[in-house]
There are 2 protein chains.
Amino acid sequence: MDKKSKSLSKNQKIVLDFIQKNKKPVKAYSILSNVQKKGINAPPQVYRALDKLIKIGKIHRVESQNSFVACKISNCDTPHKTVFSICNSCEIVSEINDPKLFKNLKDFRDKDGTVFDGYNLEFFGTCKSCKNKQIENTKH
Amino acid sequence: MDKKSKSLSKNQKIVLDFIQKNKKPVKAYSILSNVQKKGINAPPQVYRALDKLIKIGKIHRVESQNSFVACKISNCDTPHKTVFSICNSCEIVSEINDPKLFKNLKDFRDKDGTVFDGYNLEFFGTCKSCKNKQIENTKH
DNA sequence: TAAAAATTTGTTATATTATAACATTATACT
DNA sequence: AGTATAATGTTATAATATAACAAATTTTTA
Ligand SMILES: [Zn+2]
Ligand SMILES: [Zn+2]
Ligand SMILES: [Zn+2]
Ligand SMILES: [Zn+2]
């Protein structure tokens, strides 16, 4: 148990627990309706917890979906350096951990030589499972 | 004048014109209020035009800002392959055109060997102009 | 340990972003 | 000309996110 997980507040723990239980990214209002039995009543309570969890790298925001997913890479931190693959069909999201790609992104400089603090990369495609389903369907 | 620009409808042209006139990305409701004098009255008219313009690659959505920016690279098309640099301070956005980076992204395969149709990459940092301003401020 | 500072909470209201639904009109295709 | 496709105009509403403020809790520092 590291410092960060110890220092989470009650609402932050509730929200993180819910996100971690889900394989797919979850939406803020879905979180809200699912944690109301635990005493979280209103959007700001959810969004505050989300903001904090994002800040400390426990979760990430999937920008193209307005959704939130637990970090699958232990050492994610701010400023964020995140890479995801997103299925266009089922919308499942996987966090990609590819050292070579990370290095390419970390080393990237723009034409001015500007160094960037962080990045977010989202790849779009069809996941294996959805691709198989599509093949099934063409057989009939 | 290519086929695509010829085939734009009235509302699509109005919205594209406004976006292209702006150096910074613009928000949907800012577009709406700025084109009301041209006869666009309601959000769906703006969002429909945006959807079409995105589809044909004339504009891109800046996911982390819920904003829209004109394409600066002539051959952007669907499925999208976009790279931006975004200033954390002034929120200015530049579309990056870097063949080497493009190749890295195009060639990327996940662990399963899955090929991706498209991607969106957003780099975050401080632009040259904002960096200079910060240096100015520390001098006093 | 007591005061001060920082963080988190609870709450109400509201702002911002985006889409559903449906009738109508314009454009492109054969 | 007749059909299909795309775009328009409109009203209403859904979905996402933040402002503002008082109260309670936790952490820090003296
Ligand atoms: Zn992560
Ligand atoms: Zn899938
Ligand atoms: Zn482009
Ligand atoms: Zn800047």
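Here is how names work: the chains are called A, B, and so on, in the same order as the sequence lines, proteins then strands, and each is numbered from 1.
Within residues 22-30 of chain A, no residue is approached by DNA chain C to less than 4.0 Å at the level of any non-hydrogen atom.
Rounded to whole Å, atom P of dG10(C) lies 18 Å from atom OH of Tyr47(A). The distance between atom CG of Leu50(A) and atom P of dT8(C), rounded to the nearest whole Å, is 14 Å. With rounding to whole Å, Leu8(A) atom CG is found 9 Å from dT8(C) atom P.
Membership of the apolar cluster around Phe124(A) extends to Val62(A), Val69(A), Phe84(A), Ile86(A), Val93(A), as traced through chained side-chain contacts below 4.5 Å between ILVMFWY residues.
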*What string of B, S and - do you get for nucleotides 21-26 of chain C, 5' to 3', if B is base contact, S is sugar-phosphate-only contact and - is no contact with any protein heavy atom under 4.0 Å?*
BB----
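The side chain of Gln12(A) places an N or O atom within less than 4.0 Å of a non-bridging phosphate oxygen (OP1 or OP2) of dT8(C). Close to dT7(C), at under 4.0 Å from its OP1 or OP2, lies no side-chain N or O of Lys10(A). For dG10(C), one of the phosphate oxygens OP1 or OP2 lies less than 4.0 angstrom from a side-chain nitrogen or oxygen of Gln45(A).
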If you look only at distance, which donor and acceptor atoms sit under 3.5 Å apart when one is on a side chain in residues 15-31 of chain A and the other is two or more places apart or in another chain?
residue, atom, partner, partner atom, Å
Asn22(A), ND2, Phe18(A), O, 2.7
Lys24(A), NZ, Cys90(A), O, 3.0
Lys27(A), NZ, Gln65(A), O, 2.8

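Residues meeting the side chain to side chain donor-acceptor pair (under 3.5 Å) test with Gln36(B), sequence neighbours left out: none. Not counting sequence neighbours, the partners of Asn41(A) by the side-chain contact (heavy atoms from CB on, under 4.5 Å) test are Gln45(A). Annotation: side chain to side chain donor-acceptor pair (under 3.5 Å) contacts of Asn66(A) (sequence neighbours excluded): Arg61(A). Annotation: salt bridge (Lys or Arg N to Asp or Glu O under 4.0 Å) contacts of Lys111(B) (sequence neighbours excluded): none. Contacts of Lys103(A) classified as side chain to side chain donor-acceptor pair (under 3.5 Å), with partners at least two apart in sequence or in another chain: Asp107(A). Considering only residues two or more places apart in sequence or on other chains, Phe102(A) meets the side-chain contact (heavy atoms from CB on, under 4.5 Å) condition with Ile73(A), Val83(A), Asn97(A), Tyr119(A).
Mapping Pro43(B) and Ala42(A) onto DNA chain C by nearest heavy atom places Ala42(A) at the nucleotide closer to the 5' end. For the pair Asn66(B) and Gly39(B), nearest-nucleotide mapping onto DNA chain D gives the more 5' position to Gly39(B).
Of all heavy-atom pairs spanning Lys13(B) and Leu8(B), the tightest one is CE-O, 3.4 Å.
Panel note: side chain Asp112(B), backbone Thr114(B); no donor-acceptor pair is recorded below 3.5 Å.
Ile92(B) and Phe108(A) sit in two unconnected hydrophobic clusters of ILVMFWY residues. Membership requires side-chain heavy atoms under 4.5 Å apart, directly or through other members.
Between its two ends, the helix from dT1(C)-dA30(D) to dT30(C)-dA1(D) turns its axis by 50°, counting five pairs per end and rounding to 10 degrees.
On the nucleic acid side, DNA chain D has its first and last nucleotide under 4.0 Å of a heavy atom of chain B at dA7(D) to dT11(D), going 5' to 3'.
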